[in-house]
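Note sheet for the following structure.
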There are 2 protein chains.
Amino acid sequence: MPEPTTSQPLYLRVAAELRQRVLAGLVKAGGPLPSETELMNEFNVSRTTARNAYNVLRAEGLIDSQPGRGVFVREHPPARRLSSERYRREIEQIRRHGTSSTRIPETSFTHDHGIAWEEYHLAKTFEVVTPPDHIAEALKLPSHSMVLARHFVFHARSRPQQISTSYLPLDLVQNTPIANPDNEPWPGGNIAQLATLGITVTRVDESVSSRMPTPGESRTLRIPSGVPVLTISRRMLAGDQPFEAAEIVIPSDRVILDYTIALD
Amino acid sequence: MPEPTTSQPLYLRVAAELRQRVLAGLVKAGGPLPSETELMNEFNVSRTTARNAYNVLRAEGLIDSQPGRGVFVREHPPARRLSSERYRREIEQIRRHGTSSTRIPETSFTHDHGIAWEEYHLAKTFEVVTPPDHIAEALKLPSHSMVLARHFVFHARSRPQQISTSYLPLDLVQNTPIANPDNEPWPGGNIAQLATLGITVTRVDESVSSRMPTPGESRTLRIPSGVPVLTISRRMLAGDQPFEAAEIVIPSDRVILDYTIALD
DNA sequence: CAGTGGTCTAGACCACGCT
DNA sequence: GCGTGGTCTAGACCACTGT
């Protein structure tokens, strides 16, 4: 009841004050914010109100709190850039080296992330399933067709980086090396895999959006609170015929997607 | 103390149960969830714990709560698609109609959103400023150069749809019709504007990421809690020379960005 | 008017990190 | 062992929505 100021709720005014301190640079990135007890004293509020203020800033992705340690300004390590040009590079490598089993030391993933081939590994499970409707549609599959669903979790720099689920028509890949998980990671990536089947990818379509992660995604990607995920629905086509569809989920604090649109 | 189950916090177990009901379709989109009082009775928890459970689901973007009414499953109206092909269409229109003052009834914005020309309007403020560092760099400007900063808020279907700030080198546009806010909205969009200066845009670069909205963005775009924004940094170039840079912010529940990558 | 979510208080126990 | 954030309780007043 002391000062109504703008009649905004108390916890929002506290949050606004702390936000301003962070944005003004009064507290460095990684630096400590007042403990909840200090907040109670400084603003003469209850602990609940102090916590509500911090909850707001947590949801904005501005702060991190560590049990037993304190509350800190979140650091923003430079994001890696994922360029649409990566697909062009894959095509060129295949042209140069062919589709033989020679190890090509680059995939779109390793190149874009500046990660050496040896550095990353992936968790994977393959299964044969009837595809979700939107996948069947994306692949222009006749009804009741089956697909090979390949689930990947990419790790690099000792952190999980992305989840992707790739769908291939079962007719296409059954009894081929592609259907064998032991051949992963496959040098040269998806485009190289399709090349071994005689399919030359001429177009990649990507649809990008964003949302908050599911609890499962938060767990496997170790996403801090207040950080959304980018979702990419990708199709690889030869002419107008799609041969692969994928759903990709990437924490948005780890990546920037670069697209170049040439207007001839 | 009754059942430790998995020793997960109480409010998370309540949240998990409610999440499952929603995902299993037991509660329709837009349908009501138990009131906080009902939650207290059903799970034998305090009101704080009930509210904490709902806070989790709110942060996930799963639910909306309306004061005096109740808690509801969030609806997901179909998102509009923003295609990278829109820039190609602008180029074609300019080729067909020239850069005369004839009203071209299409801009990248109206086309992609399926919104008629008359339906939308924009709030705008123009100002001459020294650009932020990353903008000066994006435009390859010599130091101490000034830019024209144009701030837009696009509205359509009686909802705000996007914020964009466009930067143009002041040398380029000073004393031209482009620097006059009264000429907005400009038929044909940015590419048409640059065409009047004799600049043919040959390439558009877009860098996409995502984050939680700032309080200001939440207010002007009326973004519900648990919904991130997509951020697009755009450059328009002729050859390798950039002529426009823009920062675009779009609520992620209103759009899907489509990119086509042609591999010659 | 009764019921709803939003805000705020005071107090308690816990696991954790640090010294 | 002390301070930290995380969890949980009980209780209160408010503005708002519905009837």
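Convention: sequence-line order gives letters A, B, ...; per-chain numbering from 1. In what follows, every heavy atom counts, from backbone to side chain, and hydrogens, waters and symmetry copies are set aside. What you are looking at is a predicted structure, and each value in this text was computed from that prediction instead of being measured.
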For this session: Take A:Y11 and A:R69, find for each the nucleotide of DNA chain C with the closest heavy atom, and name the residue whose nucleotide sits nearer the 5' end.
Result: A:Y11
For this session: Whole angstrom is fine here: how far is it from CG in A:L10 over to C1' in C:dT7?
Result: 9 Å
Problem set entry | Ion pair check, A:E17 and A:R21, cut-off under 4.0 Å | yes
For this session: Could you tell me the separation between the CG atom of A:L12 and the C1' atom of C:dC8, rounded to a whole number of Å?
Result: 13 Å
For this session: With rounding to the nearest 0.5 Å, note down the distance linking CD in A:E206 to CZ in A:R235.
Result: 12.0 Å
Exercise. Base, sugar-phosphate, or nothing: which does B:T48 touch, judged by heavy atoms less than 4.0 Å apart?
Worked result: base
Exercise. Quick one: does A:E75's side chain get under 4.5 Å of A:D253's, heavy atoms only?
Worked result: no
For this session: Starting at atom CZ of A:F72, determine the distance to atom C1' of D:dT4, rounded to an integer number of angstrom.
Result: 9 Å
Problem set entry | Euclidean distance, atom OH of residue B:Y54 to atom C1' of C:dT7 [Å, nearest integer] | 19 Å
Exercise. What nucleotide, of C:dG6, D:dC8, C:dC8, holds the atom closest to the side chain of B:R58?
Worked result: C:dG6
Exercise. Given D:dC8, is OP1 or OP2 found less than 4.0 Å from the side-chain N or O atoms of B:S46?
Worked result: no
For this session: Give a yes/no on whether any side-chain N or O of B:T37 is located under 4.0 angstrom from OP1 or OP2 of C:dT4.
Result: yes
Exercise. A:N41 versus A:P34: any side-chain heavy-atom pair under 4.5 Å?
Worked result: no
Seminar exercise, completed: When rounded to whole Å, the CD to C1' distance for the pair B:Q66 and C:dG5 reads 10 Å
For this session: Please round to the nearest 0.5 Å and tell me the distance separating atom CG of B:N55 and atom CG of A:N52.
Result: 8.0 Å
Exercise. Nearest-Å distance, CG (A:N55) to P (D:dG6)?
Worked result: 8 Å
Problem set entry | Residue B:R47, side-chain heavy atoms: nucleotide from C:dG6, D:dT9, C:dG17 that is nearest | C:dG6
Problem set entry | Side-chain N or O of B:S65 closer than 4.0 Å to phosphate OP1/OP2 of C:dT4 | no
Exercise. Once you round it to whole Å, what is the distance between P of C:dG5 and CG of B:L57?
Worked result: 13 Å
For this session: Starting at atom CG of A:L39, determine the distance to atom P of C:dC8, rounded to an integer number of angstrom.
Result: 13 Å
For this session: Look at the side chain of B:P9 and decide which nucleotide, out of D:dC8, C:dT9, C:dG6, has an atom nearest to it.
Result: D:dC8
